[in-house]
Amino acid sequence: MKFFVLAAVFAVAAASSYKAAEYAPKYEAKYEDVTYAPQPYSFEYDVQDKESYNDFVHSEKSDYNVVTGSYRVALPDGRTQIVTYKADASGYNADVKYEGEAQYPEEPKYKAASYPAPAYSAPAYKAPAYPAAPAYPAPAYKAPAYPAPAYKAPEYKAPAPAYKAPTYSAPAYKAPVYTAPAYKAPAYKPAPAYPKY
C-alpha cells in the first residue's frame with residue numbers, strides 16, 4: 001500500500017514539473033478584414049424546356065452603385081410573369097407585369113366503365129346410382145352345454161395315525177467357581193537426592 005502512495009506522489013510531482021519543449025513552434029492567429037471595391041458585372045441566361053414546361057429568362061447588370069435586371073417566367077396558369085427591378089442605395093424596387101390570360105381548363109369527368117354481370121349457371125349434378133346392399137342372414141349361435149363335474153370325497157382307512165409327543169430332558173447346568181485374585185500393593189522407591197546450589 002505504501003508503494004502505491006509513493007508512486008502517486010511521484011507522479012503528481014512529475015506532472016507539476018513538466019515543461020513544454022522550447023523548440024515547439026508557436027502560432028498566433030491573425031485575421032484581417034479585407035474589403036473589396038464593388039466591381040461591375042453583367043450576365044444573362046435563358047431556359048426553355050418543353051418537356052418540363054420550363055420557360056425562364058434572367059438578365060442582370062451592375063455598375064459600381066446600381067444593379068438593374070429583369071426576369072421572365074412561365075406560370076402554371078398559362079401567363080408569363082415579367083419582373084423588372086432596380087437596387088441602389090435607396091433600396092430594392094420591382095415592377096411586376098403579366099402577359100396573357102389565366103386559363104383554368106375543366107378537368108374531364110371520369111366515368112367508371114360499366115361491365116355486364118357475368119351469367120353464371122350452376123352445373124347439374126346427377127347423384128350416382130349405388131347397388132342395393134346385400135342381405136346377410138343372421139348367424140345361428142348355439143350355447144355349449146358344460147356337464148357338472150362329479151366330485152368324489154377321498155376315503156381314509158382306519159385307524160387314524162397315532163402321534164407320540166417327544167420327551168425332552170432338562171440339561172444339568174453347573175455354575176462356574178471364581179477365585180478372587182490376590183492384589184499386592186507396589187513398593188515405591190524413595191525420591192533421589194538432588195544437589196544443592
Side-chain angles (χ1 to χ4, degrees), residues 1-139 141:
M1 183 66 182
K2 292 181 180 179
F3 174 76
F4 291 113
V5 173
L6 290 175
V9 170
F10 286 130
V12 171
S16 62
S17 64
Y18 175 76
K19 184 179 180 182
E22 295 180 0
Y23 58 84
K26 296 180 180 179
Y27 297 99
E28 294 182 5
K30 294 181 180 180
Y31 298 98
E32 296 181 3
D33 293 334
V34 180
T35 57
Y36 297 97
Q39 301 291 327
Y41 66 89
S42 65
F43 65 85
E44 182 176 358
Y45 59 87
D46 186 356
V47 177
Q48 290 184 356
D49 186 8
K50 294 181 179 180
E51 293 182 359
S52 62
Y53 301 100
N54 281 328
D55 187 359
F56 190 83
V57 178
H58 187 193
S59 63
E60 182 177 295
K61 66 179 180 178
S62 171
D63 57 7
Y64 292 102
N65 299 317
V66 181
V67 177
T68 58
S70 65
Y71 60 87
R72 297 167 55 95
V73 61
L75 300 178
D77 59 6
R79 296 179 299 167
T80 301
Q81 183 184 37
I82 303 171
V83 178
T84 305
Y85 58 88
K86 179 180 179 182
D88 53 12
S90 61
Y92 177 83
N93 296 315
D95 180 23
V96 182
K97 295 180 181 179
Y98 295 94
E99 289 182 355
E101 293 182 5
Q103 299 177 2
Y104 303 98
E106 294 183 4
E107 296 182 2
K109 294 182 180 180
Y110 176 76
K111 185 178 180 182
S114 59
Y115 298 98
Y120 176 76
S121 59
Y125 295 99
K126 186 177 180 182
Y130 296 101
Y136 297 100
Y141 177 75

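Computed over heavy atoms, backbone and side chain alike; hydrogens, waters and symmetry mates excluded. Values in this document were obtained by computation on a predicted structure and should not be read as measured data.
- Listed here is the closest heavy atom pair of S42 and K61: CB-CB, 3.6 Å.
- How far CG of L75 is from CD of Q103: 12.5 Å, rounded to the nearest 0.5 Å.
- Of the inter-residue distances, the one linking D77 atom CG with E101 atom CD reads 11.0 Å to the nearest 0.5 angstrom.
- Here R72 contributes atom CZ and T84 contributes atom OG1; the two are 9.5 Å apart, rounded to the nearest 0.5 Å.
- D63 approaches P40 most closely through the heavy-atom pair CA-CB, 4.2 Å.
- Scanning all heavy atoms of the two residues, the minimum distance from E44 to S59 falls at CG-CB, 3.7 Å.
- Atom OG1 of T68 sits about 7.5 Å away from atom OH of Y85, to the nearest 0.5 Å.
- Listed by chain and number, the residues in a side-chain hydrogen bond (donor to acceptor under 3.5 Å, both in side chains) with Y45 are H58 (sequence neighbours excluded).
- Within a 6.0 Å sphere centred on OH of Y41, heavy atoms belonging to other residues, nucleotides or ligands number more than 12.
- Across all their heavy atoms, F56 and D46 have their closest contact at O-OD1, 3.1 Å.
- Expressed to the nearest 0.5 Å, how far OH of Y71 lies from CD1 of I82 amounts to 11.5 Å.
- One distance of note links OH of Y64 with CD of Q39; it measures 6.5 Å at 0.5 Å rounding.
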